[in-house]
Structures are given as structure tokens and as C-alpha cells.
Chemist: 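This is the structure I have questions about; it appears just below.
Quick note on labels: first sequence line is chain A, next is B, and so on, each numbered from 1. This is a predicted model, so every value here is computed, not measured.
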There are 2 protein chains.
Amino acid sequence: MATHSQKDAYLYKKVITIGTVCELTGLSERQIRYYEKRKLIFPERTERGNRKYSFSDVEMLMDIANKMEDGMQTSELRKEMQKKESKRYDNKLKERMIRGQLNAYFNKRD
Amino acid sequence: MATHSQKDAYLYKKVITIGTVCELTGLSERQIRYYEKRKLIFPERTERGNRKYSFSDVEMLMDIANKMEDGMQTSELRKEMQKKESKRYDNKLKERMIRGQLNAYFNKRD
DNA sequence: CGTGTAAGGAATTCTGACACG
DNA sequence: CGTGTAAGGAATTCTGACACG
């Protein structure tokens, strides 16, 4: 699941409450919760149900805020996200295929 | 004031509430507040007065917890910290002196 | 010395809804 | 569609103090 290195541990750790995210991004709680409903961000929850965000989420929210200002809609943002995700997936697939060819090559030598 | 690079920005940003710090460190609120009173950690405060910690603070607390388990006292920990700080200060001073000598050298050449 | 706890108050967060558009 | 707001409840955090040792 970890698509990032150990080094980025703090970037993805979900530890920030919504109030702090508001301060960091300048967005309202309402907006932040709405972007979650539109599947643009994915905070974790405490047992009680309080949202926890990562610095990565905060960066994403800044990005969202800019694009919303430019008139983009959440549905478009969502599509854009999925494109990037499938690109990442494609790269993984390619890597896997290349490894497969190498394995086939070495298997022939055996 | 920044003794760290841009890269560590998220390491020093004070964004974590005490409850989350408890979860991350396994310490009680009482303990965490006490170590602050003993000047071992320095959280920031929101306008209202709520404490905010950084990942760096969390790391320090883990360190403190280990040493307390080993029977060390907060006063000793404090001394240890100050030694490290003064060592950092000494290094800065040395650097400054070396630069001074170099400047003196180049000034002579002029 | 270091930590647990009960006390009371103030701020935080949550959800679902009404509103405008 | 995206966001503001009032509503009511539940969990969070704060401080100062009593307690044990």
C-alpha cells in the first residue's frame, strides 16, 4: 500500500484535526467536509469519529482550492485525480511486465 | 531561527493536538503536560490555549519516555538537552571564528 | 518527583437540515 | 453546485488542586 518511502512518513501520517486544516488552508470546515464527500480527500477517523488529515491532504486541499477558484468543478477534479491514479497504475503494470520479460530471459538461461 | 532545511518543514510544524500525541507516544496527557512544565518540550498554543505539537516533539517525547523508563529524572534530561544546545552553539561559534580568520587572511592580502 | 484523578468550564467536532441558486 | 448557518449532542482540552510517596 505504501507508494512512498520511509522518508515521507510524516507527509502521509493522518494526525491533523479539521480546525488546524482550516488554518493551514484558509478553507472552511464546510468546504473541507464537502470535498471529502466528493471523494477528493480521504481523512481517517478517530474511534469517536473525528477526522484526521495528513500534510499530504493539506497540500491536496491547497491544490483543490486553487482549481476551484479557477472555476473547475469537483467532478472535473475527481476525473483528473483518477487519470493520475490510473497513470500510476499503468506504470506499475509496465514495471511488472518488464520484470516478467527479464524473468523469462533468465529462466531460459537456466 | 531555522536550524533545519526546507525539507524538514513538516517535521517542525506544530499541528498535532495532545490527544493524538498521546496515541502516537503512549503517554498520558498528564505526563506530556508535565514534561512541558519541566521545559523538555515546547508546544505552541492556539488562540484559545490548546497545545499544538510537531512530529519533532513527538520524537522527543519518545526519547524522554525511554529515558524515564531507565530511571532518568527530568532535571537530568534537561541538563542533557542544554549540553546538546550549547554544543550546537559552540559549533556555530567555531564556524564564526573560522570565517573570521579567513576574513582576516583575505583582508591582509588586500 | 512523577503521575493519577475528579471538577467545572470553554472550545471543538460531528451530523442532518434549511437556504440560496 | 458549492457553501453558509443555526441546532443539539458528544468528545476534547484546559487549569488548579488533592493525593500518594
Chemist: Looking across every strand, which nucleic acid part, if any, lies under 4.0 Å from A:Arg38 by heavy atom: base, sugar-phosphate, or nothing?
Modeler: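 If one applies the 4.0 Å heavy-atom cut-off, A:Arg38 turns out to touch the sugar-phosphate alone, with no base involved.
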Chemist: Could you give the CZ-to-C1' distance, from A:Arg78 to D:dG2, as a whole number of Å?
Modeler: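 Distance, rounded to whole Å: 18 Å.
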Chemist: Tell me which nucleotide, if any, is Watson-Crick or G-U wobble paired with C:dG16 when both distances must be under 3.5 Å.
Modeler: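 When the pairing criteria are applied, nothing turns out to pair with C:dG16, so the answer is none.
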Chemist: Hey, what's the ring geometry for B:Tyr10 with A:Phe55, parallel, tilted or perpendicular (30° and 60° as the breaks)?
Modeler: parallel
Chemist: Could you tell me the separation between the CE atom of B:Met68 and the OH atom of B:Tyr35, rounded to the nearest 0.5 Å?
Modeler: 4.0 Å
Chemist: If we check side chain to side chain donor-acceptor pair (under 3.5 Å) with A:Arg33, which of these qualifies: A:Glu36, A:Gln31, A:Glu29?
Modeler: A:Glu29
Chemist: To the nearest Å, how far apart are B:Asn50 CG and C:dG9 P?
Modeler: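 About 18 Å, once rounded to whole Å.
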Chemist: Has A:Phe42 got more than 12 heavy atoms of other residues, nucleotides or ligands less than 6.0 Å from its CZ?
Modeler: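 Yes, CZ of A:Phe42 has more than 12 neighbouring heavy atoms, counting only those of other groups under 6.0 Å.
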Chemist: Above 12 or not: heavy atoms from other molecules or residues under 6.0 Å from NZ of B:Lys13?
Modeler: no
Chemist: Return the 5'-most residue of the pair B:Gly49, A:Tyr35 with respect to DNA chain D, ranking by each residue's nearest nucleotide.
Modeler: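 This one resolves to A:Tyr35.
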Chemist: Report the base-pairing partner of D:dA6 (Watson-Crick or G-U wobble, both distances below 3.5 angstrom), or none.
Modeler: none
Chemist: In terms of side-chain geometry, is the basic nitrogen of A:Lys94 or A:Asp90 positioned less than 4.0 Å from the acidic oxygen of its partner?
Modeler: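 Salt bridge flag = no for A:Asp90 with A:Lys94.
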Chemist: In whole angstroms, how far is the C1' atom of C:dT12 from the CD1 atom of B:Ile16?
Modeler: 18 Å
Chemist: Taking only N and O in the side chain of A:Arg48, is any of them less than 4.0 Å away from OP1 or OP2 of D:dA10?
Modeler: no
Chemist: In whole angstrom, give the distance that lies between atom CZ of B:Arg45 and atom P of C:dT12.
Modeler: 14 Å
Chemist: Does A:Thr17 have a side-chain nitrogen or oxygen under 4.0 Å from the phosphate oxygens OP1 or OP2 of C:dT13?
Modeler: yes
Chemist: In whole angstrom, what separates A:Asp70's CG from D:dG2's C1'?
Modeler: 16 Å
Chemist: Quick one: is D:dT15 close enough that its OP1 or OP2 comes under 4.0 Å of any side-chain N or O from B:Arg51?
Modeler: yes
Chemist: Just the rounded figure in Å: distance from C1' of D:dT13 to CD of B:Glu47.
Modeler: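 Result: 14 Å.
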Chemist: Between A:Gly19 and B:Glu29, which is nearer to the 5' end of DNA chain C once each is assigned its nearest nucleotide?
Modeler: B:Glu29
Chemist: Taking a pair as Watson-Crick or G-U wobble with both distances under 3.5 Å, which nucleotide is matched to D:dA11?
Modeler: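 None - no nucleotide pairs with D:dA11, as no candidate has both distances under 3.5 Å.
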Chemist: Between C:dG4, C:dT13, D:dG4, which one does the side chain of B:Ser28 approach most closely?
Modeler: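 The answer is C:dG4, which lies nearest to the side chain.
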Chemist: Can you see if the side chain of A:Arg30 gets near the phosphate of C:dC14 - specifically, an N or O under 4.0 Å from OP1 or OP2?
Modeler: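 So the side-chain polar atoms of A:Arg30 never come under 4.0 Å of the phosphate oxygens OP1 or OP2 of C:dC14.
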Chemist: If I take atom CZ in residue B:Arg33 and atom P in nucleotide D:dC14, what distance separates them, rounded to the nearest angstrom?
Modeler: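 Checked: the CZ to P distance equals 5 Å.
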Chemist: Regarding A:Thr46, tell me which of base, sugar-phosphate or nothing describes its non-hydrogen contacts under 4.0 Å with the strands shown.
Modeler: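 A:Thr46: no heavy atom of the nucleic acid under 4.0 Å.
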Chemist: Could you check which of C:dT12, C:dT13, D:dG2 has an atom nearest any side-chain atom of A:Tyr34?
Modeler: D:dG2
Chemist: Please state how far atom NZ in B:Lys37 lies from atom P in D:dA17, giving the value in whole angstrom units.
Modeler: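 Rounded to whole Å, this separation is 10 Å.
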